[in-house]
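These values consider heavy atoms only, across backbone and side chains, with no hydrogens, waters or symmetry-generated copies.
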2 protein chains.
Amino acid sequence: MRMSDIAKAAKISRQALYLHFPNRAELLVATTRYLDELHEIEGKLIESRAANSGIERLSAWINFWGGYIPTVYGVSKALLAIKDSDEEAMLAWNDRMHAVRHGCAAAVSALKDDGKLVVGLSEAEATDFLWTLLSVRNWEMLRKDCGWTQDRYIEVMRSTAAAALVSS
Amino acid sequence: MRMSDIAKAAKISRQALYLHFPNRAELLVATTRYLDELHEIEGKLIESRAANSGIERLSAWINFWGGYIPTVYGVSKALLAIKDSDEEAMLAWNDRMHAVRHGCAAAVSALKDDGKLVVGLSEAEATDFLWTLLSVRNWEMLRKDCGWTQDRYIEVMRSTAAAALVSS
DNA sequence: TGTCAACTTGACGCCGTGTCAAGTTTCGAA
DNA sequence: TTCGAAACTTGACACGGCGTCAAGTTGACA
């Protein structure tokens with residue numbers, strides 16, 4: 001998806017795009033912010049915090065984030081593709097990923113409070129692991145390369161995350 | 001890492017590179033093949049098949065592949081970066097990933113033969129999951145972004161893969 | 001009617017890949 | 001010892017995509 005493609009889709013000249021966004025990276029960042037707003041992400045995040053037990057909270061978090069990935073997949077992939085060559089894209093991506101990590105940390109913390117965090121992993125390690133498990137790349141691999149359905153993705157992520165992180 | 005960087009490192013002109021490799025994709029592919037040869041991958045793969053139980057085999061496979069990722073990380077990342085725009089790089093990458101998937105499938109199959117594959121996942125799904133878990137991207141996230149040591153990476157992958165895939 | 005912002009067309013520079021042409025070095029076989 | 005082919009060099013060029021610039025057009029509205 002080149003700048004000229006976006007301009008064409010917006011029925012605008014390529015140059016007019018640069019009147020609104022200084023460069024490709026900021027356009028993509030603005031798009032993610034717009035999507036977040038459109039889907040009222042903040043509100044839904046707060047809802048997911050209402051879960052009682054750590055286990056429920058882990059489940060709710062996976063439902064939420066796993067369910068949101070499809071809507072940000074396109075722009076995430078574009079951001080991901082340029083983040084190694086574009087400093088600003090890198091910062092924007094890290095910022096975004098930091099927010100996701102925070103959600104993972106909250107779920108892990110709730111688990112720990114319940115005394116249900118698996119032995120053998122520190123809280124930080126469990127957070128790292130969950131964050132990695134729920135990455136956009138993994139979603140892409142399972143849904144696109146392996147042909148999983150969205151529902152199956154959520155189910156399996158829930159069950160495997162529980163198996164890996166919840167003490168039995 | 002541009003073609004000119006590679007040429008400089010090889011103490012050769014950029015154009016001379018094109019006398020040996022038709023394009024960037026084939027250079028990267030040839031490099032992975034060379035690395036495989038250098039590390040006698042085939043032989044080590046056969047060794048890992050000697051494990052007795054499915055559980056041991058899963059462990060051996062994670063040790064092997066997880067331990068090999070660091071040596072192919074650089075070139076894998078380069079291949080990964082261009083695979084969305086270069087048809088040939090895409091094919092080469094898929095070919096490579098197919099081989100890794102095969103290793104995952106063998107471990108899952110051995111688990112199944114022992115009656116130790118977790119209920120709730122088909123053999124194909126378990127293979128998909130393991131393959132995704134052991135992706136180069138996940139290794140990168142945990143080692144580079146999260147700062148894990150290589151040893152810890154292997155340990156956690158072994159324990160979480162076992163938790164997610166082995167029935168208790 | 002005049003002004004200003006939003007937009008247009010059309011050009012350009014930069015950078016990295018890949019291509020081409022023409023000349024030079026190296027080296028082994030006759 | 002010389003000749004020829006292979007490997008390499010320098011220096012140029014086209015192409016695609018991003019970002020920039022200049023100059024002209026449109027349209028709203030005071």
Subject >> Spacing between K11(B) atom NZ and dT10(D) atom C1', to the nearest angstrom >> reply: 20 Å

**OP:** Write out all pairs satisfying salt bridge (charged side-chain N to carboxylate O under 4.0 Å, His left out) with one or both partners inside residues 81-93 of chain A, taking only residues at least two apart or from two chains.
**Re:** D84(A)-K77(B)

**OP:** Select one nucleotide: of dT9(C), dG16(C), dT10(D), the one nearest the side-chain heavy atoms of S13(B).
**Re:** dT10(D)

Subject >> Whole-Å distance separating the CG atom of D86(B) from the P atom of dG16(D) >> reply: 16 Å

Subject >> DNA chain C contacts made by residues 22-35 of chain B, counting heavy atoms under 4.0 Å >> reply: P22(B), N23(B), R24(B)

**OP:** Measure from CZ on R14(B) to P on dG11(D) and round the result to the nearest Å.
**Re:** 14 Å

**OP:** Would you please classify the geometry between the F64(B) ring and the W61(B) ring as parallel, tilted or perpendicular, with 30° and 60° separating the classes?
**Re:** tilted

**OP:** Can you tell me the distance, in whole Å, between the CZ atom of F21(B) and the C1' atom of dG18(C)?
**Re:** 16 Å

Original post:
Just by modelled atom types, is the L111(B) backbone N or O under 3.5 Å from a matching donor or acceptor in the D114(B) side chain?
Top reply: no

Subject >> I12(B) side chain, from C-beta outward: closest of dT20(D), dT9(D), dC7(C) >> reply: dT9(D)

Original post:
Got a donor-acceptor contact below 3.5 angstrom from the W65(A) side chain to the L134(A) backbone?
Top reply: yes

**OP:** In whole angstrom, give the distance that lies between atom CE of M3(B) and atom C1' of dC15(C).
**Re:** 15 Å

Subject >> Contacts of W139(B) that satisfy side chain to side chain donor-acceptor pair (under 3.5 Å) - sequence neighbours left out >> reply: Q150(B)

